[in-house]
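Data first, discussion second: the structure below is written as structure tokens.
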Amino acid sequence: MFKKTNQVKDLNQQEISTIIGLGFTITGELKGKAVVRIDGTIIGNVNVEGGVVLGEKGVINGDIQTVSAIIYGTINGNVKAQNLEIKKTGRVNGDIKTETIEIELGAQYNGKLGMHPISQSENKISVKV
């Protein structure tokens, strides 16, 4: 039930096409198809098909919807991902819907957890780029 899947490993090995660096703040919705790494601050929802890597200094004040996410930073919002990994420096303040989750010792999570297979229609992300 609480195990690391190959899909999460694959996120670590995928090419990151977009980086939002430390010191940058984006206000508004972030949408895309590839993997994004966020080391800055996002004020708004994040809808990314490929995956999200939230760096240790990264902050998202909004909801996340993606296939895979690795969280080293802070999320103040709900998370919906097929595969979720919260590292020891990670903080999630919101509800989580996921199929698989890994939470390292030291990570913080405040919210409700729903673990069930996410249907294809429920996980569809409408991205117009």
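Keep in mind that the numbers below use all heavy atoms, side chains included, and drop hydrogens, waters and symmetry copies.
With no hydrogens or angles considered, a side-chain donor-acceptor pair links Glu29 and Asn47 at under 3.5 Å.
In this structure, the side chains of Thr66 and Val46 stay at 4.5 Å or more apart for every pair of heavy atoms. Between Leu84 and Val92, every side-chain heavy-atom pair lies at or beyond the 4.5 Å cut-off.
Here the closest heavy-atom approach between residue Leu113 and residue Thr98 is recorded as CD1-CG2, 4.1 Å. When every heavy atom of Arg91 is checked against every heavy atom of Gly106, the shortest pair comes out as NH1-O, 3.5 Å. What you find for Glu99 and Met115 is that their closest heavy atoms are O-CE, 3.3 Å. When every heavy atom of Val67 is checked against every heavy atom of Glu49, the shortest pair comes out as CG2-O, 3.2 Å. Of all heavy-atom pairs between Glu56 and Thr89, the closest is CG-OG1, 3.6 Å. Between Leu54 and Val59, the shortest heavy-atom distance links the atoms CD1-N, 3.9 Å.
Rounded to the nearest 0.5 angstrom, Tyr72 OH and Asp39 CG are separated by 11.0 Å. Taking NZ of Lys80 as the reference point, atom NZ of Lys97 lies at 5.5 Å (rounded to 0.5 Å). The CD1 atom of Ile71 sits 10.0 Å away from atom CD1 of Ile101, with the distance rounded to the nearest 0.5 Å.
Screening Thr100, Ile103, Ile70 for a side chain to side chain contact (heavy atoms under 4.5 Å, CB included) with Glu85, the sole residue that qualifies is Ile70.
In this structure a side-chain-to-backbone donor-acceptor pair under 3.5 Å is missing from Asn76 to Asn93. With hydrogens and angles ignored, the 3.5 Å screen pairs a side-chain donor or acceptor of Glu104 with a backbone N or O of Lys88. Between the Asn45 side chain and the Asp63 main chain, a donor and an acceptor come within less than 3.5 Å of each other.
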What do the steps show when you test Ile96 against Ile86 for side-chain contact (heavy atoms from CB on, under 4.5 Å), and what is the final call?
CA-CA 11 Å; Ile96 293 175; Ile86 305 173; 4.1 Å; yes
Pair Asp95-Lys112, side-chain contact (heavy atoms from CB on, under 4.5 Å): steps then yes or no:
CA-CA 5 Å; Asp95 297 341; Lys112 293 187 294 184; 3.5 Å; yes
Test side-chain contact (heavy atoms from CB on, under 4.5 Å) on Ile38 and Leu30; report intermediate values, then the result.
CA-CA 11 Å; Ile38 300 168; Leu30 179 64; 4.1 Å; yes
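In terms of hydrophobic clustering, with Ile, Leu, Val, Met, Phe, Trp and Tyr side chains grouped at heavy-atom distances under 4.5 Å, Val79 and Ile43 are assigned to different clusters. Residue Val53 is not grouped with residue Leu22 when hydrophobic side chains (ILVMFWY) are merged at heavy-atom distances under 4.5 angstrom, including chains of intermediate members.
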